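Encoded as structure tokens, the structure appears first; notes follow it.
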Amino acid sequence: MLDIRLIRSSPDIIRADLLKRNETEKLVWIDDLLREDARSRELKIEDDILRQRRNVIAREINAARKSGLDTTALMAEAASLPLKIKDNDEEQEKISETIHAYLMRLPNILHESVPAGKDDTENVEIKSAGTIKKYDFELKNHGQLAVEKGWADFERATKISGAGFYFLKGSLVLLDMALQRFALDLLVQKGYIPIIPPYMINRSSYECVTDLGDFEKVMYKIEGDDAYLIATSEHPLAAMYRDEIFEDHDLPLRLAGISSCFRREIGAHGLDTKGLFRVHQFTKVEQFIFCRPEESWQLHEELLTNAEEVFQKLEIPYRIVNICTGDIGTVAAKKYDIEAWMPRENAYKEVVSCSNCTSYQAVRLNVKVRDKSNFELKRHVHTLNSTLIATSRVIRAILENCQDETGSVEIPRLLRPYMNDREYL
RNA sequence: GCUGAGGUAGUCUAGCGGUAGGGCGCAGGCCUGGAAAGCCUGUGGUGCGAAAGUGCCUCGGGGGUUCAAUUCCCCCCCUCAGCGCCA
């Protein structure tokens, strides 16, 4: 959410950003918002005066009673005030609901380096790395291979849970856990604090960290409780410090979340229908940072570098794309995706999403940092998040990239210590 | 799930119809050669104001009674302790 004070003081910055996003229909929101905000402040001034009068009279009545004076006139005036205050409050309540509704729907302000573009086809590649191998045999679909080898069972999972679920079996279970520990060790060694968060959080916390549309499309709600299954550990990690103020020396705070992730919307497209790429449930090691506003762009690059290191170490070719205005969504100010090379499809596929959300989550969460040199000054922190490893997608990348003509899968060298030094799955 | 005790500013705690007090922590100031100690001020949200200031709101949340609610009444939420159930 944007800070209303920023919109009040620099509405042209917001307007320019909406134009860049090509969301011109929201331009009128800004005018309406500014009008409502001005009216809200007028009402507050009136309200403050009424309340002040009420407080003064209450004190005067008390003083008069104590000295035995007549209070009839004061009581009469006092009796007229509550109704006026109530009317005023009701109007203010309506206005603040309107303001809040706009604020919840206005997107974050983009970084200047975000490219303009209509959708994901216009994201901009900024780097590609790794050696793409040539295969002189036909690669097997990763899902098909996994079933043949007894490493996964999709049919029985569909029978008992529905499409988009899977039983992971045998070597792939060990591989999944090896990837988790590999990822976690990499982050711990860099000073990130590993965290297992709650897998369910309540609606009010969830609204602070994600886009409203996600409630309808992405999140699983637990019936009968105010609880939603997390779509990523980013969400509980971000909400963890809700309504808190960091001291300057607490930041930057680097966290490594690990959790199962639950998502309703998975789509259904060609090769992805069956397999581990688009699923309702997967495990993810996530990087998350709370920091001072001035250091977030540098830390955004740090997160990306960490994620790249994973694919370098696993020897999986990848590229980095800068997500364009049409694909970036409401929360991030800038987002990189890492896409891993999937040789069977002859294409790069998304495996990492790395975002700087600047103060957008922090404003809703009310998370601030006390300024080092000015005790009174408290600024909203910046939050950043990035996948380190989403195991299901990396498993697919390994099954495809490391496959030989016999259908054997060679385990990436640096992962072997986590696989009891085995060379093949 | 049952019973009991609680929820007061960053934290601990007092107040139980009449401007929310104190301890600790933290920040600043005075003092000092420098520090400690001591003393003073500040500490959440928001409005007006260039500033100095000044007002309003905030005692878990929401209603009600009252000129006035942290205090009385109703509903809800959460925490802790004990018991029960349980991997």
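Quantities reported herein were computed from a predicted structural model and do not represent experimental measurements.
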What is the separation between atom [atom1] on [X] and atom [atom2] on [N], rounded to the nearest whole Å?
{"X": "D248(A)", "N": "A27(B)", "atom1": "CG", "atom2": "P", "answer": "12 Å"}
{"X": "E77(A)", "N": "U66(B)", "atom1": "CD", "atom2": "P", "answer": "18 Å"}
{"X": "D226(A)", "N": "C78(B)", "atom1": "CG", "atom2": "C1'", "answer": "13 Å"}
{"X": "I61(A)", "N": "A69(B)", "atom1": "CD1", "atom2": "P", "answer": "12 Å"}
{"X": "L377(A)", "N": "C26(B)", "atom1": "CG", "atom2": "C1'", "answer": "16 Å"}
{"X": "K372(A)", "N": "C26(B)", "atom1": "NZ", "atom2": "P", "answer": "17 Å"}

Can you tabulate the close N/O pairs, meaning under 3.5 Å, that link protein atoms to atoms of nucleotides 73-76 of chain B?
none

Quick one: sort the [X] and [Y] rings into parallel, tilted or perpendicular, breaks at 30° and 60°.
{"X": "Y241(A)", "Y": "F246(A)", "answer": "tilted"}
{"X": "F311(A)", "Y": "Y318(A)", "answer": "tilted"}
{"X": "W297(A)", "Y": "H111(A)", "answer": "tilted"}

Could you work out the separation of [N] and [M] based on their [atom1] atoms and round it to a whole Å?
{"N": "U70(B)", "M": "A9(B)", "atom1": "P", "value": "14 Å"}
{"N": "C30(B)", "M": "C78(B)", "atom1": "P", "value": "50 Å"}
{"N": "G53(B)", "M": "U43(B)", "atom1": "P", "value": "12 Å"}
{"N": "C26(B)", "M": "G64(B)", "atom1": "C1'", "value": "40 Å"}
{"N": "C59(B)", "M": "C12(B)", "atom1": "C1'", "value": "15 Å"}
{"N": "G44(B)", "M": "A36(B)", "atom1": "P", "value": "24 Å"}
{"N": "G60(B)", "M": "G6(B)", "atom1": "P", "value": "13 Å"}
{"N": "G61(B)", "M": "G47(B)", "atom1": "C1'", "value": "24 Å"}

Practice item. Could you check whether A78(A) gets within reach of a base, just the sugar-phosphate, or nothing at all, counting any heavy atom under 4.0 Å? Key: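 It contacts sugar-phosphate atoms only.
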**Study point:** Contact state string [nucleotides 40-64 of chain B, B base, S sugar-phosphate only, - no protein heavy atom under 4.0 Å]
**Key:** --B-SSSSS------BBS------S
Point to revise | Dot-bracket pairing map - RNA chain B, Watson-Crick plus G-U, both contacts under 3.5 Å, | cross-strand | key: (((((((..((((....[..))))((((((.......))))))(((((....)))))..(((((..]....))))))))))))....
Practice item. Would you give the length of the straight line joining atom CE of M177(A) to atom CG of L179(A), rounded to the nearest 0.5 angstrom? Key: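 Interatomic distance, M177(A) CE to L179(A) CG, rounded to 0.5 Å: 11.0 Å.
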Considering residues at least two apart in sequence or located in another chain, which fulfil the ring pair (Phe, Tyr, Trp, His ring centres under 6.0 Å) criterion with [X]?
{"X": "Y192(A)", "value": "none"}
{"X": "Y102(A)", "value": "W29(A)"}
{"X": "Y166(A)", "value": "none"}

Practice item. Might you work through the side chain to side chain donor-acceptor pair (under 3.5 Å) test for Q144(A) and E148(A), ending with a clear yes or no? Key: CA-CA 6 Å; Q144(A) 182 197 334; E148(A) 279 175 25; 3.3 Å; yes
**Study point:** NZ (K94(A)) with more than 12 external heavy atoms under 6.0 Å
**Key:** no
Check your understanding: Mind checking whether R393(A) and T387(A) have side chains closer than 4.5 Å, heavy atoms only?
Key -> no
Check your understanding: Between F277(A) and H142(A), is the gap from one ring center to the other below 6.0 Å?
Key -> no
Review point. Side chains of N202(A) and D226(A): donor-acceptor distance under 3.5 Å anywhere?
Key: no
Practice item. Select from R65(A) and A58(A) the residue whose nearest nucleotide in RNA chain B is closer to the 5' end of that strand. Key: A58(A)
